[in-house]
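Below, chain A is the first sequence line, B the second, and so on; all start at residue 1. All values reported here derive from a predicted model rather than from experimental measurement. Note that these values count all heavy atoms, side chains included, but never hydrogens, waters or copies made by symmetry.
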Amino acid sequence: MRLVTWNVNSVRLRLEQLSRIDAALRPDVFCLQETKVVDSLFPREAFAALGYEHLALLGQKSYNGVAIAARRPLTDVTIQNWCGREDCRHLIAGLDGIEVHCLYVPAGGDVPDPDINEKFAHKLAFLDTLTQWFAEQRASGQPKILLGDLNIAPLPSDVWSHRPMLKVVSHTAVEIEKMAALQESLGWVDAVRHFIPPSERLSTWWSYRAADWTTSDRGRRLDHIWVSPTLVPRLGGASIFADSRGWQPPSDHVPVVVDLLD
DNA sequence: ATGGTTGCACGGCAA
């Protein structure tokens with residue numbers, strides 16, 4: 001089974017590229033973030049035409065929004081709200097007995113200080129709440145996948161330059177600590193780093209605010225796929241599909257791929 | 001140090 005996660009930055013603007021990615025990667029499931037559309041206006045027909053007839057949708061107008069599109073039936077679709085908000089950031093669905101968590105963690109604004117930046121405080125609280133919630137499920141042994149735009153680049157090799165980026169939201173020490181705690185909550189394993197060593201530079205996001213995204217290797221690895229411990233023996237491969245960053249018009253994020261053996 | 005771009009039921013806000 002092949003799963004692909006992609007922050008599309010508007011699903012309606014990216015239908016042509018979803019078709020190209022489908023042709024190139026032949027996923028069984030797409031997990032999308034920043035769909036930016038209410039469920040009633042979600043382009044269901046375009047997904048059905050590609051063979052993704054099973055949809056779980058959690059969208060809102062203009063901002064956020066997550067979706068799971070699968071070739072096979074989705075079960076037990078569940079919406080999670082955190083921090084007293086209805087932000088459309090966490091959607092859960094069962095697929096072939098695996099609990100799939102499609103996540104869009106708050107970006108956190110510009111200033112990495114929770115006392116003066118409410119968005120950063122929200123990001124940290126969101127991570128704490130999620131960590132506590134998964135820790136309570138640790139004993140269940142239910143196979144799970146957590147994937148999406150986590151808006152944190154944890155390793156020095158996940159950013160273009162480690163030291164200066166420690167002052168930039170997405171690579172601060174407190175975010176990296178909270179991401180490590182989230183990973184520890186259930187013993188999640190980073191599927192991409194399971195196959196690609198931490199010494200290797202990786203990015204899944206390149207800012208729009210650069211004249212040329214290919215210059216200076218200034219991307220960050222913000223999008224992740226994690227699996228619960230019992231799924232580790234089934235990991236068949238993982239990769240980042242950077243090609244689409246050069247397509248027009250691009251999302252600022254690119255797809256991340258994981259293969260699970262049967 | 002600042003500003004750079006994109007997307008959104010259209011224009012200030014979030015990323």
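Comparing B/dA15 with B/dG11, their C1' atoms sit 16 Å apart, to the nearest whole Å. Comparing the C1' positions of B/dA9 and B/dC13 gives a spacing of 15 Å, expressed to the nearest Å. Across B/dT6 and B/dT2, the matching P atoms stand 23 Å from one another, rounded to whole Å. A distance of about 16 Å separates the C1' atoms of B/dG4 and B/dA14, rounded to the whole Å.
Atoms CD (A/Q33) and P (B/dG7) sit 17 Å apart, rounded to a whole Å. In this structure, CG of A/N151 is placed 8 Å from C1' of B/dA15, rounded to the nearest angstrom. The nearest whole Å value for the distance from the CG atom in A/D110 to the C1' atom in B/dG3 is 12 Å. To the nearest angstrom, C1' of B/dA1 lies 12 Å from NZ of A/K167. One can place CG of A/D252 at 10 Å from C1' of B/dG7, the figure rounded to the nearest angstrom. For the pair A/N117 CG and B/dA14 C1', the computed distance is 12 Å after rounding to whole Å. One interatomic measurement links the two molecules: NE2 of A/H122 to P of B/dA14, which rounds to 12 Å at whole-angstrom precision. Summarising the geometry, the separation between CH2 on A/W247 and C1' on B/dT6 is reported as 19 Å, rounded to the nearest angstrom.
Both A/H253 and A/N9 lie near DNA chain B, and the one whose nearest nucleotide falls closer to the 5' end is A/N9. Position along DNA chain B of the nearest nucleotide to A/E34 versus A/V38 favours A/V38 as the more 5'-ward residue.
Across all strands shown, A/L13 has heavy atoms under 4.0 Å from sugar-phosphate atoms exclusively, and none from any base. Looking at heavy-atom distances under 4.0 Å, A/R89 makes contact with sugar-phosphate atoms alone, never a base.
Contact annotation: side chain of A/R209 to base of B/dA15, donor-acceptor pair present below 3.5 Å.
Proximity of A/R12 to the phosphate of B/dG7: no side-chain N or O atom is located under 4.0 Å from OP1 or OP2. In this structure, A/K61 does not reach the B/dC8 phosphate: none of its side-chain N or O atoms is under 4.0 Å from OP1 or OP2. Regarding contacts with the backbone of B/dC8, a side-chain N or O of A/S10 is found under 4.0 angstrom from either OP1 or OP2.
Ring geometry for A/W133 versus A/W82: interplanar angle over 60°, hence perpendicular rather than tilted (30 to 60°). Ring orientation note: the planes of A/F134 and A/W188 are nearly perpendicular, at an angle over 60° on the 30°/60° scale.
A distance of 12.0 Å separates OG1 in A/T129 from NE2 in A/H90, rounded to the nearest 0.5 Å. To the nearest 0.5 Å, the span separating CZ on A/R221 from OG1 on A/T204 amounts to 8.0 Å. Rounded to the nearest 0.5 angstrom, A/K144 NZ and A/T230 OG1 are separated by 10.0 Å.
When only modelled atom types and interatomic distance are considered, A/K36 and A/N64 share no side-chain donor-acceptor pair under 3.5 Å.
With distances taken from any side-chain atom of A/K119 to the nucleotides B/dA15, B/dA9, B/dG7, the minimum falls on B/dA15.
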